[in-house]
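One structure is given below, encoded as structure tokens.
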Amino acid sequence: MTPLDPWIPRLLDVWRSARRRGPGRPGGPRDRLASDELKTVGAGVRRLSLGLTRERSLAGERYFDDPGLLGAYLLFYWPISFAQVTSLLAELPSRPRELLDLGGGPGPAAFAALGAGAERALVADRSEGALRIAKALAREARSNVTVLHWSGGAPPEGRHDLLVAQHVLNELWGGAPDRIARRAALARSLLERVRPGGTLLLVDPALRETSRELLELRDALVAEGVAVRAPCLFRGPCPALSRPTDWCHAERPWEPPRLVAEIAREAGLHKEALKMSYLALAPPGEGWERAPEGTVFRIVSEPLAGKGRRRYIGCGPDGRMGLALQDKHVGEENRVFGELARGDVVRVTGGEPKGDGIGLGPDVRVSRLARAGERLGR
Ligand SMILES: C[S@@+](CC[C@H](N)C(=O)[O-])C[C@H]1O[C@@H](n2cnc3c(N)ncnc32)[C@H](O)[C@@H]1O
């Protein structure tokens with residue numbers, strides 16, 4: 001049983017009630033869509049996917065005013081956003097007791113945090129339709145969620161253990177030449193509303209453009225002394241920005257619930273992994289956490305093809321560099337190198353500088369300090 005499982009019947013009930021616009025429990029299977037429903041939702045998801053992640057023509061537009069798109073979002077992207085935040089909460093130093101989900105739409109981040117132990121949440125968004133859905137979900141789950149109209153200006157008053165802005169920053173001021181500066185100003189005012197020990201969690205799609213813009217925002221804040229709780233170990237300007245083709249994102253294995261898998265198939269999409277770009281930021285006055293001892297890297301690539309060797313890109317306190325181990329040098333002390341995944345954190349003991357990276361010889365020891373998504377013990 002995953003934290004998402006109990007939500008599938010609730011999402012379906014709320015979606016069917018909203019479609020019927022009538023009271024009473026709607027009919028229909030509570031774990032899946034009937035075939036005509038699946039066609040409708042699949043078509044909506046195709047439009048959303050095209051408009052938000054490919055052509056980007058919907059980004060920043062009021063697509064939730066279209067009930068078909070809001071419904072498609074609810075049944076397909078809501079579970080993905082929920083699973084992303086559930087996974088990211090595990091990396092924070094403490095579990096939030098309450099939170100603000102800014103640009104939360106129908107509130108997946110809020111409900112994910114409530115599922116992980118939070119007691120109450122505030123969801124703020126400009127879409128009245130999405131906020132109505134968030135309220136209906138809260139009624140279904142008997143959760144302590146309030147909603148607030150927010151149309152992109154100053155964030156609501158009050159301080160919080162956790163503030164989340166998920167898949168919304170990339171939609172704000174899109175196309176404006178000063179969009180990064182304006183997002184940075186918003187992020188600064190959000191950081192001021194984080195209680196000590198709390199976190200501002202920014203999540204955006206794992207696309208090159210949206211990911212690089214999140215990294216630019218990171219650099220602006222880090223230059224002012226803001227500390228990154230995760231995923232960065234490097235404290236300077238993000239090395240992924242030095243080459244225009246690079247970016248940095250997370251990818252976590254995920255078994256989607258049957259509802260999501262069936263919609264994905266209908267819409268012609270793949271959702272076997274959670275992909276996202278994210279930053280967990282500490283409030284002003286809280287420094288970077290101590291880096292683990294030794295030469296440490298977060299793996300920021302998938303395994304890279306190479307003849308007779310395994311290679312990754314790592315990013316650690318000393319920067320971003322290639323890490324390579326020739327097949328003939330695989331042994332007991334470095335065997336884990338062959339099993340690493342994007343997001344894992346490793347310590348490399350005894351590597352030699354080679355080209356623009358580190359070569360791992362037979363005597364090099366590699367140990368995994370944390371798997372992707374685990375909090376790094378310091
Ligand atoms: C892709 S949805 C993300 C919803 C939810 N946070 C998630 O991750 O699943 C983007 C949300 O940002 C909201 N949004 C976009 N521009 C906004 C603005 N200028 N002011 C307030 N909300 C905005 C939309 O209404 C929508 O709910």
Side-chain angles (χ1 to χ4, degrees), residues 4 7 11 14-15 44-45 47-67 69-89 99-115 121-135 137-138 145 147-156 162-176 179 182-183 185-187 189-190 200-207 209-210 213-214 250 256 260 263 271 274-279:
L4 189 52
W7 283 96
L11 296 173
V14 166
W15 178 75
V45 167
R47 278 174 62 203
L48 283 171
S49 167
L50 199 64
L52 292 177
T53 66
R54 277 180 280 163
E55 293 170 353
R56 304 270 302 144
S57 55
L58 289 179
E61 297 299 319
R62 291 180 178 263
Y63 45 88
F64 282 168
D65 287 354
D66 178 335
L69 294 184
L70 177 55
Y73 196 93
L74 182 67
L75 297 185
F76 186 70
Y77 287 105
W78 192 104
I80 295 169
S81 295
F82 179 102
Q84 289 174 337
V85 170
T86 301
S87 154
L88 294 172
L89 288 174
L99 74 147
L100 167 64
D101 183 3
L102 193 77
F111 291 107
L114 291 166
L122 173 61
V123 180
D125 202 279
R126 72 176 174 190
S127 163
E128 295 299 334
L131 293 179
R132 256 196 310 279
I133 297 274
K135 274 203 286 197
L137 291 171
V145 173
V147 303
L148 182 76
H149 182 87
W150 171 75
S151 53
L162 174 68
L163 289 93
V164 184
Q166 187 181 21
H167 301 131
V168 59
L169 275 186
N170 77 93
E171 297 204 12
L172 298 179
W173 305 291
R179 60 189 176 281
R182 295 174 80 168
R183 288 173 196 160
L186 175 62
S189 59
L190 293 173
L200 170 61
L201 181 61
L202 307 175
V203 188
D204 261 329
L207 307 169
E209 177 196 329
T210 52
E213 290 192 355
L214 188 64
V260 173
I263 298 172
K271 281 294 163 203
L274 295 172
K275 294 186 185 176
M276 63 208 148
S277 297
Y278 74 99
L279 283 177

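Position 1 is the first residue of the sequence; numbering continues from there. For ligands, and for the atoms within them, numbers begin at 1 and follow the listed sequence.
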- Nearest-0.5 Å distance that lies between atom OG in S127 and atom CG in L70: 6.0 Å
- Query: Can the ring centres of F82 and F111 be said to be less than 6.0 Å apart?
  - Reply: no
- Non-hydrogen atoms of P79 and L11 that approach each other most closely: CG-CD1, 3.9 Å
- Item | Distance-only donor-acceptor check, side chains R54 and S49, under 3.5 Å | yes
- Message: Can you list every protein residue that has a heavy atom under 4.0 Å from any atom of ligand 1, sorted by chain and residue number?
- Response: Y63, F64, Y73, S81, G103, G104, G105, P108, D125, R126, S127, W150, S151, G152, Q166, H167, V168, E171, L172
- Message: Let me confirm one number: the NZ-CD distance from K275 to Q84, rounded to the nearest 0.5 Å.
- Response: 12.0 Å
- Task: Supply the atom-to-atom distance L148 CG to L102 CG, rounded to the nearest 0.5 angstrom.
- Result: 9.5 Å
